[in-house]
Amino acid sequence: MGKHIILIGPMGAGKSSLGKRLAKRLKRPFYDCDQYLEERTGVSITTIFELEGEQGFRQREHKILTELLSHDFGIIATGGGIVTESVNHALLASDENIVVYLMASVASQQKRTSHDKSRPLLQTPNRHAKLATLAAQRQPLYEKFADIVVDTDRQNIGKSIEQIISQLEQP
Ligand code: S3P
């Protein structure tokens, strides 16, 4: 399979955990955009937001995705906001990549991120409202770019991986 697999979906959908396991299973490298950005800059995502604002972060995120797509074919976990920037749309729509959308309801996102302190957008008193607003804006975009859709509320990571592999094998 000479293509990258790009994982998209909201915060708390499990892109990093599933991505690592899928990469192991397919014997491919795993790349995580946020982690790569933190390693590259030597500071946390929170610090980037503080110093450069969300806009600065989005510019860096785009550069990282572009760079990772030039690496060996692997599994790339993106941040939940990757779909918001039109510069990323051509990358997501390209036939050279397979985009997997990990769907998660706002309720399960809230549960899975309840102790989170590392996501700047979630450091707000009403996390549920924030997640719901982001979902309303982004869901149509996740759907638009998805080649494969996985419902992480309905099945565990193992089952989601089986579903992805079986859909990848389809001609
Ligand atoms: C963001 C999601 C985060 C991270 C940043 C912004 C977003 O990644 O990129 O905090 O805009 O949804 P995860 O989806 O991996 O949490």
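Residue numbers run from 1 in the order of the sequence given. Remember, it's 1-based here, ligands and their atoms both numbered in the order they're listed.
- At a heavy-atom distance under 4.0 Å, no atom of Arg112 approaches ligand 1.
- Taking only nitrogen or oxygen atoms, main chain and side chain alike, Gly80 reaches within less than 3.5 Å of ligand 1.
- Shown in contact with Pro120 at under 4.0 Å from a heavy atom are these atoms of ligand 1, numbered in order with element: 10 (O).
- Distances below 4.0 Å separate heavy atoms of Asp34 from the following atoms of ligand 1: 3 (C), 4 (C), 8 (O), 9 (O), 15 (O).
- Within ligand 1, the atoms closer than 4.0 Å to a non-hydrogen atom of Leu121 are 7 (C), 11 (O), numbered from 1 in the order shown.
- Atom OG of Ser160 sits about 10.5 Å away from atom CE of Met103, to the nearest 0.5 Å.
- Using cut-offs of 30° and 60° on the angle between ring planes, the pair Phe145 and His89 is tilted.
- Of all the heavy atoms in Ala23 and Phe30, the pair that sits closest is CB-CB, 3.6 Å.
- The protein heavy-atom contact nearest to atom 5 (C) of ligand 1 is Phe57 CZ, 4.0 Å.
- Among all non-hydrogen protein atoms, the one lying nearest atom 14 (O) of ligand 1 is Lys15 NZ, 2.7 Å.
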- request: Output, in order, the C-alpha distance, side-chain angles, deciding distance and verdict of side-chain hydrogen bond (donor to acceptor under 3.5 Å, both in side chains) for Gln163 and Gln167.
  value: CA-CA 6 Å; Gln163 182 202 331; Gln167 286 191 243; 2.7 Å; yes

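- Proximity of Glu54 to ligand 1 is not established, as no heavy-atom distance is less than 4.0 Å.
- Proximity of Gln35 to ligand 1, defined as any heavy-atom pair under 4.0 Å, is not found for any part of the residue.
- Protein heavy atom at the shortest distance from atom 11 (O) of ligand 1 is Arg58 NH2, 2.7 Å.
- Counted within 6.0 Å of CD on Glu39, heavy atoms from surrounding residues, nucleotides or ligands total more than 12; the atom is thus considered enclosed.
- Looking at Thr78, Ile64, Asp72 one by one, the single match for side chain to side chain contact (heavy atoms under 4.5 Å, CB included) with Tyr31 turns out to be Asp72.
- A salt bridge links Arg58 with Glu54: at least one charged nitrogen is closer than 4.0 Å to a carboxylate oxygen.
- Taking every non-hydrogen atom of Gly79 and a distance limit under 4.0 Å, the qualifying atoms of ligand 1 come out as 8 (O), 9 (O), 14 (O).
- Heavy-atom neighbours of Asp95 CG from other residues, nucleotides or ligands within 6.0 Å: at or below the threshold of 12.
- Looking only at heavy atoms of the protein, atom 12 (O) of ligand 1 is closest to Arg138 NH1, 2.6 Å.
- Counting only heavy atoms of the protein, atom 16 (O) of ligand 1 lies nearest to Arg119 NE, 2.5 Å.
- Between Asp153 and the choices Lys159, Arg112, Lys111, the salt bridge (Lys or Arg N to Asp or Glu O under 4.0 Å) rule is met once, by Arg112.
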